[in-house]
Amino acid sequence: MARFELKLPKMGESVAEATITNWLKEVGDKIEADEAVLEIATDKVDSEVPSEVSGILVEQLFGKDDLVQVGQTIAIIETEGGELVPVVKEAATPEAVAEVTKTVDAAKESVAAPVNFSESEKFLSPLVKNIAKEEGVSVAELDTISGTGKEGRVTKNDILEHVKNRTSQPVAVTAPVAEVQKTVSAPVAQKAAPVSVSGGDEIVEMDRMRKLIAGYMVASVQTSAHVQSFIEVDVTNIVKWREKNKVAFEKREGEKLTYTPIFMEAVAKAIKDYPGMNISVDGDFIIKKKNINLGMAASLPNGNLIVPVIKNADQLNLVGMAKAVNDLGGRAKAGKLKPDDTQGGTYTVTNVGTFGSVFGTPILNQPQVGILALGAIRKMPAVIETPEGDFIGIRQKMFLSHSYDHRVVDGALGGSFVKRVAEYLEAFDVNRDF
């Protein structure tokens with residue numbers, strides 16, 4: 001018999017850790033090669049971790065809701081044949097047990113003061129906020145922590161390391177004594193579920209994704225000063241061109257031709273004209289992005305929304321853009337997005353017209369400073385200017401709704417940008433090839 005170490009696989013260049021959400025196999029279960037052993041989650045994407053070998057699961061090294069680093073061993077699988085691969089585990093010493101007991105007792109006696117995280121100069125994830133609240137970390141302390149995450153964000157490890165090194169607070173508990181902590185810790189107080197007074201209401205707890213989305217939306221509104229600009233666009237030429245070419249496009253390219261890649265193409269061009277929209281904010285600093293990576297809001301199987309990213313969108317022609325849009329949208333609906341698919345976005349586009357909305361006021365996808373909502377395309381009576389005079393005719397029109405961060409984007413830039421998108425759409429060449 002041999003022992004195989006199942007490690008957390010690499011999930012993308014910008015993904016360093018994941019949370020275990022569910023074990024699909026228990027100790028003693030038989031596992032086939034390529035069979036899923038557990039489910040994990042990054043900030044937004046859920047994935048399965050398959051086994052590379054066939055065998056019996058003999059040990060789970062982490063529990064549900066534990067945070068695991070890429071490359072860490074998460075389970076031991078016993079296989080047929082080969083040499084035994086020893087797994088060394090650090091035992092908890094009596095001194096460690098005493099230290100944990102002391103730590104827990106101190107924690108019970110201390111009550112963390114309420115923290116207003118909106119006062120922080122940094123963007124903080126819901127997980128970091130929860131840890132700060134539980135450990136009594138003040139906003140002033142949070143602002144002094146040097147984050148090691150993407151764009152200097154404070155990660156879970158950063159704040160835990162800060163708590164561990166504080167002299168005025170209990171130190172963080174290390175892995176070898178985690179089980180001891182579970183046995184001596186008092187139960188964590190949880191907010192009681194609401195009760196239906198009439199008895200006829202159904203009360204359902206948010207799923208993990210909805211909780212994350214709720215946290216992101218509240219944090220975004222607390223972080224940025226949202227301002228909107230609206231503009232009406234005549235897209236008659238685009239509608240005519242698509243109707244004329246969609247069958248031939250699908251036959252030649254094997255891809256459906258929707259309006260989304262056409263709009264994405266115009267947005268990418270406008271960002272090149274107005275690079276001031278392709279930035280992010282970190283405290284008092286502005287980060288000018290080199291690449292134009294467009295996020296596109298897409299639906300997940302459970303109805304929640306996610307924002308996969310089209311990398312280097314300005315370098316794609318219409319065919320390439322259509323393939324990227326269809327690929328990401330299709331994998332989002334199937335729940336097959338990879339963690340790296342949602343990373344690195346610099347500007348976001350959301351299509352509220354899919355649900356019949358004429359326009360909307362979308363919330364910024366932090367730390368981006370702009371997001372564009374595409375309204376429904378409708379037939380509208382409009383004034384048509386000709387050399388012979390003005391006439392009333394039927395045109396295909398839509399609204400563009402541009403939300404932007406007024407801390408760094410003024411009305412001139414925000415309005416000029418969305419106007420440039422409209423100009424590109426209205427100047428669409430009906431004779432162009434795809």
Original post:
Side chain of Arg3, backbone of Ile76: donor and acceptor closer than 3.5 Å?
Top reply: no
Original post:
With side chains defined as the heavy atoms from C-beta onward, is the minimum distance between Val307 and Thr342 less than 4.5 Å?
Top reply: no
**OP:** Begin from the C-alpha positions of Ile74 and Leu61 and carry the test side-chain contact (heavy atoms from CB on, under 4.5 Å) through to its verdict.
**Re:** CA-CA 5 Å; Ile74 49 183; Leu61 301 183; 5.6 Å; no
Subject >> Non-hydrogen side-chain atoms of Glu141 and Ile145 separated by less than 4.5 Å >> reply: no
Subject >> Straight-line distance of Ile262 CD1 to Leu374 CG, nearest 0.5 Å >> reply: 11.5 Å
**OP:** Ignoring hydrogens and angles, tell me if any N or O in the side chain of Gln368 forms a donor-acceptor pair with the backbone of Thr348 under 3.5 Å.
**Re:** yes
**OP:** State, to 0.1 Å, how close Arg407 and Val281 come at their nearest heavy-atom pair, and which atoms those are.
**Re:** NH2-CB, 3.7 Å
**OP:** Give the ring-plane orientation class for Phe230 versus Phe359, where under 30° counts as parallel, over 60° as perpendicular and anything between as tilted.
**Re:** tilted
Subject >> Electrostatic pair Asp273:Lys269 at N-O distance under 4.0 angstrom >> reply: no
Original post:
Counting distance only, does the side-chain N/O of Asn278 pair as donor-acceptor with the main-chain N or O of Pro275 below 3.5 Å?
Top reply: no
Original post:
Is the backbone N or O of Leu364 less than 3.5 Å from a side-chain atom of His226, with the two atoms forming a donor-acceptor pair by type?
Top reply: yes
**OP:** Check the pair Lys25, Gln60 against side-chain contact (heavy atoms from CB on, under 4.5 Å), reporting the backbone distance first and the verdict last.
**Re:** CA-CA 9 Å; Lys25 296 291 183 179; Gln60 297 174 346; 5.9 Å; no
Original post:
Are Glu35 and Ser51 close enough that a side-chain donor and a side-chain acceptor fall under 3.5 Å?
Top reply: no
Original post:
Any side-chain heavy-atom pair from Met398 and Tyr259 closer than 4.5 angstrom?
Top reply: no
**OP:** Taking the six-membered ring for Trp and the full ring for Phe, Tyr or His, determine whether the centres of Tyr347 and Phe417 are under 6.0 Å apart.
**Re:** yes
**OP:** Flag the pair Asp340 and Lys338 as a salt bridge only when some basic side-chain nitrogen lies within less than 4.0 angstrom of an acidic carboxylate oxygen.
**Re:** no
**OP:** Report yes if some heavy atom in the side chain of Leu38 is under 4.5 Å from a heavy atom in the side chain of Leu6; otherwise report no.
**Re:** yes
**OP:** From the options Val369, Ile371, Thr223, Val227, select the one residue that forms a side chain to side chain contact (heavy atoms under 4.5 Å, CB included) with Asp405.
**Re:** Val369
Original post:
Is the closest basic N to carboxylate O distance between Glu250 and Lys246 below 4.0 Å?
Top reply: no
**OP:** Measure from the side-chain N and O atoms of Ser47 to the backbone N and O of Ile40, and report whether any donor-acceptor pair falls under 3.5 Å.
**Re:** no
**OP:** Work out which heavy atom in Ala332 is nearest to a heavy atom in Pro301; give both atom names and the distance.
**Re:** O-CD, 3.3 Å
Subject >> Heavy-atom pair of closest approach, residues Met264 and Met296 >> reply: CE-CB, 3.2 Å
Original post:
Mind checking whether Lys272 and Ile292 have side chains closer than 4.5 Å, heavy atoms only?
Top reply: yes
Original post:
Sub-3.5 Å donor-acceptor pair from the side chain of Asp410 to the main-chain atoms of Ala412, do we have one?
Top reply: no
Original post:
Counting only heavy atoms not in Lys323, do more than 12 sit closer than 6.0 Å to its NZ atom?
Top reply: yes
Subject >> Asp207 side chain vs Arg210 backbone, donor-acceptor pair below 3.5 Å >> reply: yes
**OP:** Kindly say whether Gly360 contributes a backbone atom to a donor-acceptor pair with the side chain of Gln228 at under 3.5 angstrom?
**Re:** no
Subject >> Shortest non-hydrogen separation from Ser229 to Tyr404 and the atoms involved >> reply: OG-OH, 2.9 Å
Subject >> Test item: Ser299 and Leu305 side chains (from C-beta on) under 4.5 Å apart, heavy atoms >> reply: yes
Original post:
So which heavy atom on Phe62 is nearest to which on Thr73, and how close?
Top reply: CE1-O, 3.2 Å
Original post:
Any side-chain heavy atom of Ile377 within less than 4.5 Å of one from Ile238?
Top reply: no
Original post:
In Å, rounded to the nearest 0.5 Å, how long is the span from CD of Glu59 to CD of Glu5?
Top reply: 10.0 Å
Original post:
Heavy-atom distance under 4.5 Å between the side chains of Ser224 and Gln366, does that happen here?
Top reply: yes
**OP:** Test Ile310 against every option in Asn293, Asp341, Leu328, Val349 by the side chain to side chain contact (heavy atoms under 4.5 Å, CB included) rule and name the one that passes.
**Re:** Leu328
**OP:** Return the minimal non-hydrogen interatomic distance between Val325 and Thr260, and the atom names on each side.
**Re:** CG1-CG2, 3.8 Å
Subject >> Value rounded to 0.5 Å, distance of CZ in Phe428 from CD in Glu265 >> reply: 7.0 Å
Subject >> Under 3.5 Å donor-acceptor, Asn304 side chain and Leu300 backbone >> reply: no
**OP:** Mind checking the CD1-OG spacing from Ile31 to Ser54? Nearest 0.5 Å is all I need.
**Re:** 9.0 Å
Subject >> Pair Val37-Trp23, side-chain contact (heavy atoms from CB on, under 4.5 Å): steps then yes or no >> reply: CA-CA 6 Å; Val37 179; Trp23 282 95; 3.9 Å; yes
**OP:** Can you measure from CG (Leu212) to CE (Met217) and round to the nearest 0.5 angstrom?
**Re:** 10.5 Å
Subject >> Point-to-point distance, once rounded to the nearest 0.5 Å, from CD1 of Ile271 to NZ of Lys289 >> reply: 12.5 Å
Original post:
Within the side chain of Ser403, is there an N or O that forms a donor-acceptor pair under 3.5 Å with the backbone of Ile363?
Top reply: no
**OP:** Take Val409 and Met277 through the test side-chain contact (heavy atoms from CB on, under 4.5 Å) and record every step on the way to the result.
**Re:** CA-CA 7 Å; Val409 180; Met277 291 306 310; 3.7 Å; yes
